[in-house]
Undergrad: 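Could you have a look at this structure, given as structure tokens, before my questions?
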Number of protein chains: 2
Amino acid sequence: MIKLRDLEYLTAIDKHKHFGKAAQSCFVSQPTLSGQLMKLEEQLGLQLVERHRRNVMLTPAGDQLVEEARKVLQAAGQFESCAKALLDPFAGDLHLGLIPTLAPYLLPHIMADLNTTLPNINFFLHENQTKVLLQQLDEGKLDVLILPYLVEMEKFESYQLFDEPLMLATPKSHRLANKKSLSLADLQDEKILTLADGHCLKDQAMGYCFSAGAKEDISFQATSLETLRHMVASGMGITLLPALAAQGNLASDTIHYGKFQAPVPIRGISLVIRPNYSRMQCVRAIVASVRKSLSDIIS
Amino acid sequence: MIKLRDLEYLTAIDKHKHFGKAAQSCFVSQPTLSGQLMKLEEQLGLQLVERHRRNVMLTPAGDQLVEEARKVLQAAGQFESCAKALLDPFAGDLHLGLIPTLAPYLLPHIMADLNTTLPNINFFLHENQTKVLLQQLDEGKLDVLILPYLVEMEKFESYQLFDEPLMLATPKSHRLANKKSLSLADLQDEKILTLADGHCLKDQAMGYCFSAGAKEDISFQATSLETLRHMVASGMGITLLPALAAQGNLASDTIHYGKFQAPVPIRGISLVIRPNYSRMQCVRAIVASVRKSLSDIIS
DNA sequence: CTTAATCATAGTTAAAGCCTATCAATTAAT
DNA sequence: ATTAATTGATAGGCTTTAACTATGATTAAG
């Protein structure tokens with residue numbers, strides 16, 4: 001295998017037409033350059049340089065190969081400068097995965113600061129259900145997930161970002177809408193509207209509801225939080241909504257969002273990465289930025 | 001300095017996503033590849049590979065650098081295949097220098113066989129006076145000269161090709177035109193037309209003439225053999241012409257070309273190269289070809 | 001719980017690259 | 001003409017490094 005150093009020696013000889021000077025320009029001794037060049041010639045099986053006492057010149061073969069050598073060295077230089085540019089840990093593309101019940105309500109609160117804090121990171125946003133996101137994270141298609149933490153993620157590395165309370169969304173006219181102090185126990189025997197299977201919010205919300213003695217309304221399953229919200233607004237039932245979704249879009253005339261007393265049902269939003277993920281500095285910056293952005297909103 | 005082998009390891013990892021298989025494809029042991037790759041990462045200061053037990057993947061930086069690495073390796077491959085192509089000693093460009101009093105009369109006799117014998121050599125022909133040719137040979141602008149040998153060429157390497165007799169060119173009406181047996185002594189007291197200074201033929205021809213007791217006609221100097229020939233044809237005098245020039249273009253009605261008896265004046269045509277010239281096999285083939293071509297013509 | 005797979009580590013060896021010192025050949029100068 | 005300087009090649013020794021084998025640690029799967 002050709003060595004890049006040898007190509008440097010060759011181009012140096014071409015430039016200086018003088019072994020001593022060429023060696024100096026390569027910061028090696030003259031015998032070193034002389035020897036390496038001879039080895040290269042032997043390896044290629046052809047003479048590259050005509051040696052004369054007073055006068056060194058390249059053979060036609062040497063001339064052609066110097067051209068090729070320059071191309072190789074240029075490519076190598078590009079490799080190195082590319083590596084140098086990549087050295088900035090706070091630059092490059094970053095694929096962020098979020099779940100549908102979080103993305104549209106969270107992103108408006110965090111992207112501004114993320115883009116300010118990490119101006120050289122290009123964020124690509126991917127919205128998918130937890131299972132898909134984990135798969136893609138594992139495959140390397142995604143770099144970072146932001147979603148509710150589940151035990152099945154223990155093989156990954158995760159950072160707690162914030163706890164998002166779940167609120168009770170009811171029609172204004174509902175008996176629970178005007179209750180002074182609301183607790184999970186109040187849900188007993190209520191029928192709860194839910195999202196479709198696959199949304200982790202459904203499992204979490206229904207977990208709380210079941211333990212409170214409420215039941216799932218199996219007559220309909222919403223495919224998104226917004227349809228769910230519309231169903232509540234049109235009086236078809238009540239449901240648990242994440243605080244960010246409740247806060248953002250009030251639909252205030254028709255829906256009442258009730259805060260629970262302690263113990264408040266929550267979902268713990270975490271940032272998840274592969275263990276050994278290469279851009280930890282970047283991850284830490286994201287964690288800090290999101291926590292900061294959320295500290296003002298979740299009180 | 002980056003090493004090409006490391007780039008191969010990197011691309012192999014990208015291809016196989018598996019250290020063992022990648023190592024196998026590079027014909028090294030897995031620890032070797034593992035270690036070299038780690039060194040490369042350390043050297044660049046950035047992580048290229050995410051290592052997991054079950055799953056190896058490139059970091060975004062690694063992904064980009066694999067692209068660069070491929071370009072470098074491709075350039076290196078081109079270098080090597082170019083060297084391979086140059087391995088054929090009977091291929092490539094060859095710059096041949098000749099003097100004006102020889103080129104137009106010799107080339108028609110030798111080029112056909114040269115092109116047949118060395119089909120992959122591209123001959124570039126350069127016509128100049130001896131002094132210029134020697135300078136250009138020394139500078140490497142020319143590879144091979146074909147010209148009359150002079151002692152000042154002893155620092156070069158030379159191969160005798162053939163002896164070209166000099167003939168006496170006279171008008172048909174000249175007293176020497178019809179002489180049965182012609183010798184140099186017959187030139188005594190004749191005035192000889194000559195070429196301009198700088199043409200080595202002038203010096204050689206006049207050397208013979210002077211020692212025979214002839215004189216130079218200083219009233220005019222021809223800039224080429226053809227003008228010289230025309231001057232003879234128009235009766236302005238006599239001159240010595242090289243046999244090849246006499247043979248080719250007879251101008252037979254008006255000029256008589258006389259052969260000298262022994263000692264025949266000649267110029268010894270040699271092939272001259274730099275000592276240590278790299279393409280000796282090619283040179284030997286040229287020498288053989290020219291000698292063969294000329295053996296039929298100079299008898 | 002054990003087995004297999006996979007990447008990292010440790011220790012060793014062989015080769016390669018580099019250095020200093022010196023030689024040989026040539027040119028330039030006294 | 002002899003000496004001094006230049007220049008590329010050679011010799012011998014040192015250091016680095018790339019390679020190997022053997023082994024360890026961790027995880028996934030049977």
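Computed over heavy atoms, backbone and side chain alike; hydrogens, waters and symmetry mates excluded. Just so it is clear: chains get the letters A, B, ... in the order the sequence lines come, proteins before strands, and each one is counted from 1.
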Undergrad: Around B/Gln24, counting heavy atoms of other residues, nucleotides and ligands shown, do more than 12 lie under 6.0 Å from its CD?
TA: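 Counting neighbours around CD of B/Gln24, 12 or fewer heavy atoms of other residues, nucleotides or ligands fall under 6.0 Å, so no.
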Undergrad: Expected output is a numbered-order residue list: members of residues 6-17 of chain A with a heavy atom under 4.0 Å from any atom of DNA chain D. What is it?
TA: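 Close to the strand, none.
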Undergrad: Specify the separation, in whole Å, of atom CZ of B/Phe19 and atom P of C/dT9.
TA: 11 Å
Undergrad: Can you tell me how far CE of A/Met57 sits from CG of A/Leu48, rounded to the nearest 0.5 angstrom?
TA: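 Separation between the atoms: 14.5 Å.
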Undergrad: Where along residues 29-50 of chain A does a heavy atom come under 4.0 Å from DNA chain D, residue by residue in number order?
TA: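 Heavy-atom contacts with DNA chain D come from A/Gln30, A/Pro31, A/Ser34, A/Met38.
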Undergrad: Strictly distance-based, threshold 3.5 Å: is any side-chain N or O of B/Glu41 a donor or acceptor partner for the main-chain N or O of B/Gln47?
TA: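 Pair absent, no side-chain N/O of B/Glu41 close to backbone of B/Gln47.
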Undergrad: Can you confirm whether the side chains of B/Gln74 and B/Gln78 place a donor and an acceptor under 3.5 Å from each other?
TA: no
Undergrad: If I take atom CD1 in residue A/Ile2 and atom C1' in nucleotide C/dA16, what distance separates them, rounded to the nearest angstrom?
TA: 15 Å
Undergrad: Between OG1 of B/Thr101 and CG of B/Leu106, what distance do you get to the nearest 0.5 Å?
TA: 10.5 Å
Undergrad: Measuring from A/Leu294:CG to A/Ile269:CD1, what's the distance to the nearest 0.5 Å?
TA: 9.0 Å
Undergrad: Determine whether more than 12 heavy atoms belonging to other residues, nucleotides or ligands lie under 6.0 Å from atom CD of A/Gln160.
TA: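 Correct, the count exceeds 12.
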Undergrad: Under 3.5 Å, which N/O atoms of the protein pair with N/O atoms of nucleotides 25-29 of chain C?
TA:
from   : atom 1 : to      : atom 2 : distance (Å)
C/dT27 : O3'    : A/Arg54 : NE     : 3.4

Undergrad: Check whether any side-chain N or O of B/Arg51 sits under 4.0 Å from OP1 or OP2 of C/dT6, and answer yes or no.
TA: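 No, outside the criterion.
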Undergrad: Give a yes/no on whether any side-chain N or O of A/His18 is located under 4.0 angstrom from OP1 or OP2 of D/dT7.
TA: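 Checking D/dT7 against A/His18, a side-chain N or O does come within under 4.0 Å of OP1 or OP2.
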Undergrad: Should the heavy atoms of other residues, nucleotides or ligands under 6.0 Å from NZ of B/Lys131 be counted, would the total exceed 12?
TA: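 Open: at most 12 neighbouring heavy atoms sit under 6.0 Å from NZ of B/Lys131.
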Undergrad: Quick one: is A/Arg5 getting a side-chain N or O under 4.0 Å of the C/dC18 phosphate, OP1 or OP2?
TA: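 Checking A/Arg5 against C/dC18: at least one side-chain N or O falls below 4.0 Å of OP1 or OP2.
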Undergrad: Is it the case that more than 12 heavy atoms not belonging to B/Lys21 sit under 6.0 Å from its NZ atom?
TA: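 Counting other residues, nucleotides and ligands, NZ of B/Lys21 stays at 12 neighbours or fewer.
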Undergrad: For the backbone of B/His18 and the side chain of B/His16, can you confirm whether one donor and one acceptor N or O come within less than 3.5 Å of each other?
TA: no
Undergrad: Look for any protein N or O under 3.5 Å of an N or O in nucleotides 13-15 of chain C and output each such pair with its distance, or none.
TA:
none

Undergrad: Compile the donor-acceptor pairs under 3.5 Å between side chains in residues 83-99 of chain A and protein atoms, sequence neighbours left out, one pair per line.
TA:
from    : atom 1 : to       : atom 2 : distance (Å)
A/Asp88 : OD1    : A/Phe90  : N      : 2.8
A/Asp93 : OD1    : A/Asn122 : ND2    : 2.9
A/His95 : ND1    : A/His126 : NE2    : 2.8

Undergrad: Please tabulate, for the side chains in residues 4-13 of chain B, all donor-acceptor contacts under 3.5 angstrom to protein atoms that are two or more places apart in sequence or on a different chain.
TA:
from    : atom 1 : to      : atom 2 : distance (Å)
B/Arg5  : NE     : B/Glu8  : OE1    : 2.9
B/Arg5  : NH1    : B/Tyr9  : OH     : 3.2
B/Arg5  : NH2    : B/Cys26 : O      : 2.9
B/Thr11 : OG1    : B/Leu7  : O      : 3.2
B/Thr11 : OG1    : B/Glu8  : O      : 2.9

Undergrad: Please round to the nearest 0.5 Å and tell me the distance separating atom SG of B/Cys282 and atom CD1 of B/Ile121.
TA: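 Rounded to the nearest 0.5 Å, the SG-CD1 separation comes out at 3.5 Å.
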